[in-house]
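Shown next, in structure tokens, is the structure this report addresses.
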Amino acid sequence: MKTREISCSEVLAPIECINPRRDRWAVRWNHHRDEERGWLAVEMITDGRPTVDEIRDAVAEYFDAQTQNRIANTFFWNGRKVRLTDAAQRNFLFAVYSLDKTGEIDRAPFIGLLEADTDAAAADELGDMVAAMWTHIKECRAAGIEAKNAVDYSQYEL
């Protein structure tokens, strides 16, 4: 599914046939006003009129990708941006798990993130960072679920 953000007017059809000869349809959602850029929406072009279930799947896929992007690129720790890719999340969780099981912390992967001078202080700081990371992930997921639930799918029915 390929989507794009479009600039539009205040009035926008959520679904319309844009080429009857080729049976091409534009499906739009997330229609909102941005203070700096004006009216925006997300648009997907399909061959053939999509069903409501196909639209629901496309919207869910779009918001899931937005949520993953927000999780990965908007987390800050001690004033530093920390990229929370899936691999980074696993590494942080493994470090906490390893610390819990062995009592030791490998500080090498966290150079520049943990400011503690001792291993004990670094362990505490790592725990705080992972707790903040989980809070960030939960908040991003909740916002993504809220955005998906805010879409009125009745406007796409025949």
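No experiment lies behind these values; they were computed from the predicted model shown. Basis for what follows: all heavy atoms, side chains included, without hydrogens, waters or symmetry-related copies.
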(request) Just do the side chain to side chain contact (heavy atoms under 4.5 Å, CB included) check on T74 and H136 with the steps written out, would you? (result) CA-CA 9 Å; T74 64; H136 170 73; 3.0 Å; yes
(request) Test salt bridge (charged side-chain N to carboxylate O under 4.0 Å, His left out) on E115 and R80 and set out the steps. (result) CA-CA 12 Å; E115 298 174 349; R80 294 181 190 98; 3.2 Å; yes
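Residues T46 and E54 fail the side-chain proximity criterion, which asks for heavy atoms closer than 4.5 Å. Annotation: side chain of L93 is in contact with side chain of V130 (closest heavy-atom distance under 4.5 Å). Using a 4.5 Å heavy-atom cutoff, the side chains of W134 and I137 are in contact. Using a 4.5 Å heavy-atom cutoff, the side chains of W25 and I55 are not in contact. A 4.5 Å side-chain heavy-atom check between N30 and E5 finds every atom pair outside the cut-off. E61 has its side chain out of reach of D57: every pair of non-hydrogen atoms, C-beta onward, lies at least 4.5 Å apart. Annotation: side chain of N73 is in contact with side chain of R83 (closest heavy-atom distance under 4.5 Å). Annotation: side chain of V59 is not in contact with side chain of M44 (no heavy-atom distance under 4.5 Å).
In the displayed structure, F76 atom CZ is contacted under 6.0 Å by more than 12 heavy atoms of other residues, nucleotides or ligands.
At distances below 3.5 Å, not a single donor-acceptor pair connects side-chain atoms of Y156 with backbone N or O atoms of D53. Judged by distance alone, the side chain of Q155 and the main-chain N or O of P14 form no donor-acceptor pair under 3.5 Å. Checked by atom type and distance alone, the side chain of H31 pairs as donor or acceptor with a backbone atom of S9 at under 3.5 Å. S98 places no side-chain N or O within donor-acceptor distance of the main-chain N or O of F94, the cut-off being under 3.5 Å. A donor-acceptor pair under 3.5 Å is formed between the side chain of Q89 and the backbone N or O of L84.
Ring pair F75/W77 is parallel by interplanar angle, where below 30° counts as parallel and above 60° as perpendicular. Ring-plane geometry between Y62 and W29 is classed as perpendicular, the angle between the planes exceeding 60 degrees on a 0 to 90 degree scale with a lower cut at 30.
In terms of heavy atoms, R70 sits closest to C140 at CG-SG, 3.9 Å. Between L12 and C8 the shortest heavy-atom distance is CD2-SG, 3.9 Å.
Put simply, CG on L126 and CG on D119 are 11.5 Å apart, with the number rounded to the nearest 0.5 Å.
I18 and I15 are not part of a single hydrophobic cluster, where members link through side-chain heavy atoms under 4.5 Å apart.
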